[in-house]
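We use all heavy atoms of the structure for the numbers below, so side chains are in, but hydrogens, waters and symmetry mates are not.
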Amino acid sequence: MVAHRTGDPFRAFYDRALPAVYGYLHTRLADPLRVEAVTREVFTVIVAAWPFPVNVDDEVAFAVRMARHKLVDEYRRQDAHTQRREHYQMMSAHDAAHRTTAAPEVRAHWALAAVPANQRASLVLRHVDGLAVPEVAAIMGKSVRATESLLRRAAKVLNRTFGESGSPHG
C-alpha cells in the first residue's frame, strides 16, 4: 500500500494526468490489459524525466503526448505478432457472417486489426486524434510524403477489408 503524502507534487500531477492518459489509450486500444501496460510505460518514462523542465506549460498535455508516442510503439509491437492477422484471415464462415452483422464499432476494430502497424498508427493519429499530417509525421519520425503514403495505403486496406465484410456504415 502506497501512503499518500500531502504536498507531493508528483502525486498531484499523477492524479490529474492518469485519467487523461488512460482515457486516451482506452479509446485507441481494444485490449484493457494493453491499455494498462502502455499507461504504465508512459508513467515510467515520466518518472524518469521528473521533474519536468520549466518549459513544460501543461503537464497533463505533455503526458498525453507521451502516450501518443507509446501508442505508436504499441501498434508496432502488435504488428510483430502475426498470429493476430493470421487468426483474422482464417476465421470460420460463421465468424465471417458475424463480421457483416456486428456493430459498426466492432467492425471498425476488426478492420483496423488488418491494417499494418505504421499505417494503423498514422490513421489513428490523423483521423481519431485529428492531428495534421505534419504532426503525425513528426510523431512517427517520418517525412510528410511518407506519412501521406502510409495514410493512402491504410485507406486501401480499410476499403478492401470493409469490401469483404460489408460497408463500415451498415
Side-chain angles (χ1 to χ4, degrees), residues 13 16-32 34-86 88-89 104-170:
F13 157 74
R16 288 189 322 274
L18 178 63
V21 168
Y22 186 90
Y24 171 82
L25 293 168
H26 184 269
T27 59
R28 288 151 180 85
L29 294 169
D31 181 2
R34 294 308 312 147
V35 172
E36 290 178 17
V38 175
T39 300
R40 279 192 305 271
E41 288 179 32
V42 169
F43 283 99
T44 298
V45 170
I46 290 172
V47 165
W50 188 264
F52 288 124
V54 292
N55 64 346
V56 173
D57 293 333
D58 185 345
E59 294 173 339
V60 174
F62 179 82
V64 172
R65 285 194 302 274
M66 294 297 300
R68 277 194 183 118
H69 289 279
K70 289 298 179 184
L71 177 68
V72 170
D73 292 344
E74 174 63 15
Y75 282 158
R76 288 177 178 148
R77 262 192 308 267
Q78 287 178 359
D79 201 39
H81 301 285
T82 58
Q83 291 177 347
R84 175 182 40 82
R85 282 221 295 292
E86 290 171 0
Y88 176 83
Q89 293 169 350
E105 302 82 28
V106 174
R107 290 196 325 265
H109 274 288
W110 282 330
L112 274 175
V115 177
N118 277 343
Q119 294 173 20
R120 185 169 59 246
S122 68
L123 274 177
V124 169
L125 295 175
R126 175 71 179 108
H127 297 291
V128 177
D129 289 2
L131 299 178
V133 173
E135 292 173 298
V136 174
I139 289 171
M140 296 187 66
K142 299 203 174 289
S143 70
V144 170
R145 290 187 68 190
T147 303
E148 289 169 341
S149 175
L150 283 172
L151 289 164
R152 280 191 302 276
R153 286 181 286 153
K156 286 180 184 178
V157 172
L158 281 178
N159 288 335
R160 189 170 46 248
T161 302
F162 278 122
E164 294 170 0
S165 64
S167 87
H169 303 293

Trainee: Are K156 and Q119 close enough, and set up right, to give a side chain to side chain contact (heavy atoms under 4.5 Å, CB included), and what steps lead you there?
Mentor: CA-CA 10 Å; K156 286 180 184 178; Q119 294 173 20; over 6 Å; no
Trainee: Among L29, V42, V38, find the one that has a side-chain contact (heavy atoms from CB on, under 4.5 Å) with L71.
Mentor: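 Only match with L71 under side-chain contact (heavy atoms from CB on, under 4.5 Å): L29.
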Trainee: Can you see which heavy atom on I139 is nearest to which on L125, and at what distance?
Mentor: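 Shortest heavy-atom separation between I139 and L125 comes out as CG2-CD1, 3.9 Å.
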Trainee: Begin from the C-alpha positions of E36 and R40 and carry the test side chain to side chain contact (heavy atoms under 4.5 Å, CB included) through to its verdict.
Mentor: CA-CA 6 Å; E36 290 178 17; R40 279 192 305 271; 3.9 Å; yes
Trainee: Output all residues satisfying ring pair (Phe, Tyr, Trp, His ring centres under 6.0 Å) with Y24, sequence neighbours left out; order by chain, then residue number.
Mentor: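 In terms of ring pair (Phe, Tyr, Trp, His ring centres under 6.0 Å), with neighbours along the sequence ignored, Y24 is linked to no residue.
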Trainee: Just wondering, are more than 12 heavy atoms of other shown residues or ligands nearer than 6.0 Å to NE2 in H26?
Mentor: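 For H26, atom NE2 is not crowded (no more than 12 foreign heavy atoms under 6.0 Å).
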Trainee: Does a side-chain heavy-atom distance below 4.5 Å link V128 with T27?
Mentor: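 With C-beta onward as the side chain, the pair stays apart.
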Trainee: Keeping to residues at least two apart or across chains, list the salt bridge (charged side-chain N to carboxylate O under 4.0 Å, His left out) pairs with something in residues 133-151.
Mentor: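 Listed once each, the pairs would be none.
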Trainee: Mind checking the CG-CZ spacing from L150 to R126? Nearest 0.5 Å is all I need.
Mentor: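 So the gap between those two atoms works out to 13.5 Å.
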Trainee: I need the minimum non-hydrogen distance between P134 and V144, along with the two atoms involved.
Mentor: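 Smallest heavy-atom distance, with atoms named: CA-CG2, 4.0 Å.
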Trainee: For P116 and V157, work out which heavy atoms get closest and say how close.
Mentor: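 Distance-wise, the nearest heavy atoms are CD-CG2, 4.5 Å.
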Trainee: Would you please test F43 and F13 for side chain to side chain contact (heavy atoms under 4.5 Å, CB included) and show each step?
Mentor: CA-CA 11 Å; F43 283 99; F13 157 74; 4.0 Å; yes
Trainee: Strictly distance-based, threshold 3.5 Å: is any side-chain N or O of R76 a donor or acceptor partner for the main-chain N or O of A117?
Mentor: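 Answer holds: no.
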Trainee: Side-chain contact, heavy-atom cut-off 4.5 Å: R28 with R68?
Mentor: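 No; the side chains remain at least 4.5 Å from each other.
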Trainee: Are the side chains of E74 and L25 in touch, meaning some heavy atoms are under 4.5 Å apart?
Mentor: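 No, side chains not in contact.
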Trainee: Got L151 and V136 here, is their nearest side-chain heavy-atom distance under 4.5 Å?
Mentor: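 Not touching, per the 4.5 Å side-chain cut-off.
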